[in-house]
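Sequence lines set the chain letters: A, B, ... in the order given, protein chains first and strands last, and positions in each chain run from 1.
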Amino acid sequence: MDINNKDLHKKGALYSSSAVRPTAATLDMFPSWPLRFQHLTSTRISSIGEEESTDSGSAVNTASPSSYSDHRLRRPPPPQMDAGISADGSQPPKQIPEKRRGPGSNSDKVLDAKTMRRLAQNREAARKSRLRKKAYVQQLESSRIRLSQLEQDLLRARSQGLFLGGVGVTGANISSGGAIFDMEYARWLDDDHRHMSELRAALQAHLSDSDLRVIADGYIAHYDEIFRLKGVAAKTDVFHLITGMWASPAERCFLWMGGFRPSDLIKMLIAQLDPLTEQQIMGIYGLQQSSQQAEEALTQGLEQLQQSLIDTIANSSIDDSMHHMALALGKLANLEGFVRQADNLRQQMLHQLRRILTVRQAARCFLVIGEYYGRLRALSSLWASRPRDQAMMGDENSCQTSTDLQMAQQQQQQSSRSHFSNF
Amino acid sequence: MHYGGGGGSYKRSVATEASERIERMASASAVVIFSMSSCCMCHAVKRLFCSMGVNPTVYEIDQDPNAKDLEKALKKIAQAAAQSQSQSESAQFPSSSSSSSGVPLVFIGGKLVGAMDSVMASHISGALVPLLKEAGALWL
């Protein structure tokens with residue numbers, strides 16, 4: 001209360017005397033007054049103002065309460081305040097005794113305008129800062145989206161075996177189920193690389209059959225794992241699997257029902273698996289034939305599903321569309337079954353291969369398989385990073401490709417050249 | 001087995017009647033496929049046997065007057081087969097027929113082979129052809 005009286009006294013002194021008290025003015029500038037004192041001073045001011053000349057009083061009456069409250073709520077005082085107070089040495093006897101003094105002017109009317117201008121500037125400053133904040137937040141949001149997209153691209157690039165050049169940013173929407181599978185597939189590829197090194201080292205070291213068996217069976221289990229993961233993914237996002245978005249472009253080119261075609265793999269292996277016994281050759285050819293028959297059967301089943309789906313969607317009329325859509329949805333659900341059966345076929349083929357071959361043959365066979373798909377993935381990366389500008393033909397072109405190839409070879413660390421010398 | 005009240009025993013007898021019918025149909029021919037005309041996986045299994053030169057007997061149960069009962073009975077058989085399979089093969093090949101549909105279901109020589117996954121596994125492992133020959137469905 002003491003402070004109240006002291007300040008009021010000062011204000012009263014300002015009103016009565018013609019002299020300027022800069023110190024008092026500057027003191028009044030600082031927003032030290034709590035809000036509850038605000039109305040007291042303003043009412044005092046208005047009563048004092050009435051005693052003086054009429055027009056200034058009225059001006060004070062209208063201006064001071066509002067401007068006072070405005071200044072209460074606004075945090076740093078406008079910089080013009082200081083300049084105004086210090087610049088104008090001589091101030092009129094009738095000063096508006098508010099916390100934030102106007103930049104010193106001669107009449108209340110002008111003061112009022114100055115106050116209004118100050119308020120306007122304050123509003124403008126606040127608006128600008130709000131806009132800046134909004135822009136900053138928007139920038140943060142877009143950076144976040146870009147970051148997550150980059151992460152996905154990185155995963156995909158890693159899954160393609162090499163991180164060379166630019167991997168195309170597809171910007172496609174990957175469902176969470178698909179994204180989860182992509183991550184698990186990337187991890188599986190790392191595991192695959194590890195298994196490859198293990199197989200290579202084991203064959204070179206000429207380990208015993210029992211040791212080799214453990215490693216070979218481990219590779220089968222490694223493939224069992226990816227089929228299990230694919231089974232889970234088929235439930236959440238069968239389209240992601242069936243369109244091969246999880247695989248490298250070159251693999252996707254030869255995609256059959258969400259994965260590799262078993263008979264193609266056997267065809268590739270037949271040449272690489274020499275020497276085989278008569279019985280083994282029979283077994284491998286039998287495996288190839290049964291795989292082909294199963295593949296053909298599944299393909300025809302899928303074709304019938306597609307045809308049935310087309311008929312359902314084509315025949316959906318306007319008044320019956322919901323019913324047809326429900327039918328179509330039911331038919332789409334069968335897709336999961338086909339992808340599962342295709343994976344089942346792949347899994348069975350690998351197990352049968354393991355049964356036909358001896359342990360050492362199986363180990364070599366799995367090494368061949370792993371290296372084959374590794375090269376296919378490397379091919380995808382090389383293709384993606386190949387120079388497109390035909391004007392740059394000649395030495396520049398071949399230089400870059402050969403460097404890429406060298407890097408690819410180093411990455412593969414191929415030491416068993418007998419199998420792929422003609423690659 | 002002692003059945004419960006009147007209503008329950010009627011239901012039970014209908015179910016057993018259906019499974020008995022299935023048994024009879026399965027034993028009637030060398031290769032029997034229980035199918036539904038709308039089912040695409042059934043179409044696949046039919047194509048598979050045809051490609052092997054086998055002429056299977058196909059029962060389209062959706063065209064049977066007792067379609068629902070037959071379907072229920074087939075589902076039960078399929079689920080029981082899937083369970084025993086996962087137990088015996090140490091879950092190496094988890095049952096791919098997660099849709100737990102009763103069709104397609106294949107019997108050879110009156111004995112149950114199973115759904116599509118079992119048929120394919122049997123074919124890839126080389127066990128199917130001898131089974132067919134034994135049942136007289138295939139000749140050299």
Could you label the plane-to-plane angle of the Tyr219(A) and His195(A) rings as parallel, tilted or perpendicular, counting under 30° as parallel and over 60° as perpendicular?
-> perpendicular
Is Arg346(A) positioned over the aromatic face of Tyr223(A), cation under 6.0 angstrom from the ring centre and no more than 45 degrees off axis?
-> no
Given a strict heavy-atom distance threshold of 4.5 Å, which part of Cys50(B) is in contact with chain A: side chain, backbone, both, or neither?
-> neither
Most heavy-atom pairs under 4.5 angstrom with chain B, which of Leu287(A), Leu345(A), Ile356(A), Leu302(A)?
-> Leu345(A)
In this structure, CD of Gln292(A) is separated from OG1 of Thr299(A) (nearest 0.5 Å) by 11.0 Å
Just say parallel, tilted or perpendicular for the rings of Phe107(B) and Phe34(B), cut-offs at 30° and 60°.
-> perpendicular
Rounded distance [0.5 Å steps], NZ in Lys76(B) versus CD in Glu71(B) = 14.0 Å
If one checks every heavy atom of Glu296(A) against chain B at 4.5 Å, the contacting part turns out to be neither
Side chain, backbone, both or neither: which part of Ser291(A) has an atom under 4.5 Å from a heavy atom of chain B?
-> both
Phe338(A) portion near chain B, given a 4.5 angstrom heavy-atom threshold | both
Go through the atoms of Met116(B) and report whether side chain, backbone, both or neither lie under 4.5 Å from a heavy atom of chain A.
-> both
